[in-house]
**Q** 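Next up is a structure, given as structure tokens.
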Amino acid sequence: MPGHQIWNSDVETRNMTPTTTLEPALLALIHGKLRLFYDLTEQATRAPKQVEFARHREQQYRQKLESMTQQLQELRRKAKDKQIELGSRETQVKKMQLQQDGAANNREYALLGDAVKAIIAANDVMGVELFELLEQVDAEVLREKQATEVLAKAVVETNSTFEQTAETVQRLEREIKVVDGELRDLFAKIPGDLHAELQRKRPALREKTVAPVDDGACSSCWQIITPQMRSALTLKQLFLCPGCGALLFMPPS
Ligand SMILES: [Zn+2]
């Protein structure tokens, strides 16, 4: 049996406190409270991450909206420039038409007429371009409106997540305090030296500081329990796992 090798007198002396016994039911209770304590602690650590997540998503929506607004401004500027240019070209056409009316001869009349026709044709093309730009502006205005609504929803959600999380953390902290007090009282029932040793090990072993034997092994490090260890545990003697140092107990049936 692999665990048998560690069962020597040294280990026996070091790990056993044969004169003291504790009810496995008490150790099982400590184990359960330790699990609860670390579970609540874990929840309290995890809860604020929900707020971080909501804030991050909100920030993404905000950036998206900002880039849309910029794009829209750019499109509007282009449309305005084109409108101004088209306006001045139309004024130019009118001016040339007046010149044409006062033309000195047929040749000048015909030349001005050709020039006016060319400008009008170019203006038509520009008019189509302007129309397309204004359509793009309309589409972007709609997209910007939608993005604004999405952001507003995200802001509301961030705030409610923040409030809920604050409540959750407060509740968890209250529960942790209660369980911590219960654990202090329970640990006080463990003899002094061993109590101190377990408190030292607790940050590393956490909920497994006091661990049940499971399927013939320490449920903290899975070291095999020898028949000698088993009989000591059955006699409710206090026994630290030689593998991980957890205070072992046989789970009450
Ligand atoms: Zn162990």
Side-chain angles (χ1 to χ4, degrees), residues 38-177:
Y38 289 106
D39 180 45
L40 293 170
T41 309
E42 189 67 28
Q43 283 182 50
T45 317
R46 257 199 324 262
K49 293 203 170 102
Q50 306 267 354
V51 182
E52 267 173 55
F53 177 75
R55 283 208 176 113
H56 179 69
R57 198 181 41 186
E58 184 189 316
Q59 189 54 22
Q60 280 179 327
Y61 289 147
R62 197 180 301 281
Q63 280 167 357
K64 206 171 161 186
L65 177 61
E66 275 167 11
S67 88
M68 269 183 194
T69 306
Q70 252 173 21
Q71 216 175 326
L72 183 57
Q73 278 171 350
E74 179 69 8
L75 274 173
R76 279 187 167 132
R77 195 187 53 74
K78 271 191 196 167
K80 200 180 168 193
D81 287 353
K82 217 170 258 297
Q83 223 155 6
I84 290 168
E85 196 185 340
L86 193 57
S88 72
R89 278 164 161 269
E90 275 162 359
T91 312
Q92 195 191 355
V93 167
K94 277 179 193 142
K95 219 196 255 170
M96 286 169 83
Q97 279 169 338
L98 280 174
Q99 278 177 7
Q100 199 185 15
D101 288 346
N105 50 52
N106 279 349
R107 190 180 138 75
E108 197 187 329
Y109 184 87
L111 274 174
L112 280 165
D114 287 346
V116 166
K117 260 185 221 161
I119 294 171
I120 287 173
N123 286 2
D124 283 350
V125 173
M126 200 173 264
V128 171
E129 286 169 359
L130 177 62
F131 178 77
E132 281 169 358
L133 266 175
L134 291 173
E135 274 197 325
Q136 278 182 47
V137 168
D138 284 350
E140 279 302 313
V141 166
L142 209 67
R143 282 184 61 204
E144 193 197 35
K145 189 170 168 262
Q146 283 164 351
T148 307
E149 284 164 8
V150 168
L151 175 62
K153 265 186 203 157
V155 170
V156 170
E157 216 169 298
T158 304
N159 290 342
S160 88
T161 306
F162 179 79
E163 279 164 25
Q164 275 171 21
T165 303
E167 272 172 37
T168 305
V169 169
Q170 269 179 16
R171 175 180 58 78
L172 287 169
E173 277 169 358
R174 276 198 304 273
E175 286 175 24
I176 288 168
K177 212 173 155 186

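Every heavy atom of this structure was used, including side-chain atoms; hydrogens, water molecules and symmetry mates were not.
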**Q** Starting at CD of Glu157, measure out to CG of Asn159 and round the result to the nearest 0.5 Å.
**A**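 Atom-to-atom, Glu157:CD and Asn159:CG are 10.5 Å apart.
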**Q** List the atom of Ala54, the atom of Thr158, and the distance in Å for their closest heavy-atom pair.
**A**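 Answer, listing the atom of Ala54 first, then Thr158: O-OG1, 3.5 Å.
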**Q** Roughly how far apart are Leu40 CG and Arg171 CZ, rounded to 0.5 Å?
**A**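 Leu40 CG to Arg171 CZ: 8.0 Å, rounded to 0.5 Å.
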**Q** Side-chain polar contacts of residues 124-144 - donor-acceptor pairs under 3.5 angstrom, sequence neighbours left out - could you list them?
**A**
| unit_1 | atom_1 | unit_2 | atom_2 | d |
| --- | --- | --- | --- | --- |
| Glu129 | OE1 | Lys82 | NZ | 2.9 |
| Glu140 | OE2 | Arg143 | NH1 | 2.9 |
| Glu144 | OE2 | Thr69 | OG1 | 2.9 |

**Q** If I take atom OG1 from residue Thr161 and atom CZ from residue Arg57, how far apart are they, to the nearest 0.5 angstrom?
**A**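 Thr161 atom OG1 to Arg57 atom CZ measures 7.0 Å (nearest 0.5 Å).
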**Q** Donor-acceptor pairs under 3.5 angstrom involving side-chain atoms of residues 96-105: please list them, not counting sequence neighbours.
**A**
| unit_1 | atom_1 | unit_2 | atom_2 | d |
| --- | --- | --- | --- | --- |
| Gln100 | NE2 | Tyr109 | O | 3.2 |
| Asn105 | OD1 | Arg107 | N | 3.2 |
| Asn105 | OD1 | Glu108 | N | 2.6 |

**Q** Can you find a pair of side-chain heavy atoms, one from Gln50 and one from Phe162, that are under 4.5 Å apart?
**A**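 No; the side chains remain at least 4.5 Å from each other.
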**Q** Decide, yes or no, whether a salt bridge links Glu149 with Lys153 under the criterion of side-chain N to carboxylate O below 4.0 Å.
**A**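 Salt bridge flag = no for Lys153 with Glu149.
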**Q** Ignoring hydrogens, what is the shortest heavy-atom contact between Ala47 and Val169? Give both atom names and the distance.
**A**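 Between these two residues, the closest heavy atoms are CB-CG2, 3.9 Å.
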**Q** How many angstroms lie between atom OH of Tyr38 and atom OG1 of Thr45, to the nearest 0.5 angstrom?
**A**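 Here the rounded value is 12.0 Å.
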**Q** Between Glu58 and Arg62, does any NZ, NE, NH1 or NH2 come within less than 4.0 Å of an OD or OE carboxylate oxygen?
**A**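 So Arg62 pairs with Glu58 through a salt bridge.
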**Q** Hey, could you give me the OG1/OH distance between Thr148 and Tyr61, rounded to the nearest 0.5 Å?
**A**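 If we round to the nearest 0.5 Å, Thr148:OG1 and Tyr61:OH are 13.5 Å apart.
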**Q** Considering residues at least two apart in sequence or located in another chain, which fulfil the side chain to side chain donor-acceptor pair (under 3.5 Å) criterion with Arg46?
**A**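 Per chain and number, Arg46 pairs via side chain to side chain donor-acceptor pair (under 3.5 Å) with no residue.
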**Q** Distance-only check: which donor-acceptor pairs under 3.5 Å involve side-chain atoms of residues 83-94, not counting sequence neighbours?
**A**
| unit_1 | atom_1 | unit_2 | atom_2 | d |
| --- | --- | --- | --- | --- |
| Ser88 | OG | Glu85 | O | 3.0 |
| Arg89 | NH1 | Asn123 | OD1 | 3.2 |
| Thr91 | OG1 | Gly87 | O | 2.9 |

**Q** Can you list everything that forms a side-chain contact (heavy atoms from CB on, under 4.5 Å) with Ser67? Sequence neighbours excluded, please.
**A**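 Counting only residues at least two positions away or on another chain, Ser67 forms no side-chain contact (heavy atoms from CB on, under 4.5 Å).
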**Q** Which distance, rounded to the nearest 0.5 Å, do you find between the OG1 of Thr165 and the NZ of Lys49?
**A**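 These two atoms lie 12.5 Å from each other.
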**Q** Sequence neighbours left out, what passes side chain to side chain donor-acceptor pair (under 3.5 Å) with Glu74? Give chain and number order.
**A**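 Once residues adjacent in sequence are excluded, the partners of Glu74 under the side chain to side chain donor-acceptor pair (under 3.5 Å) criterion are Arg77.
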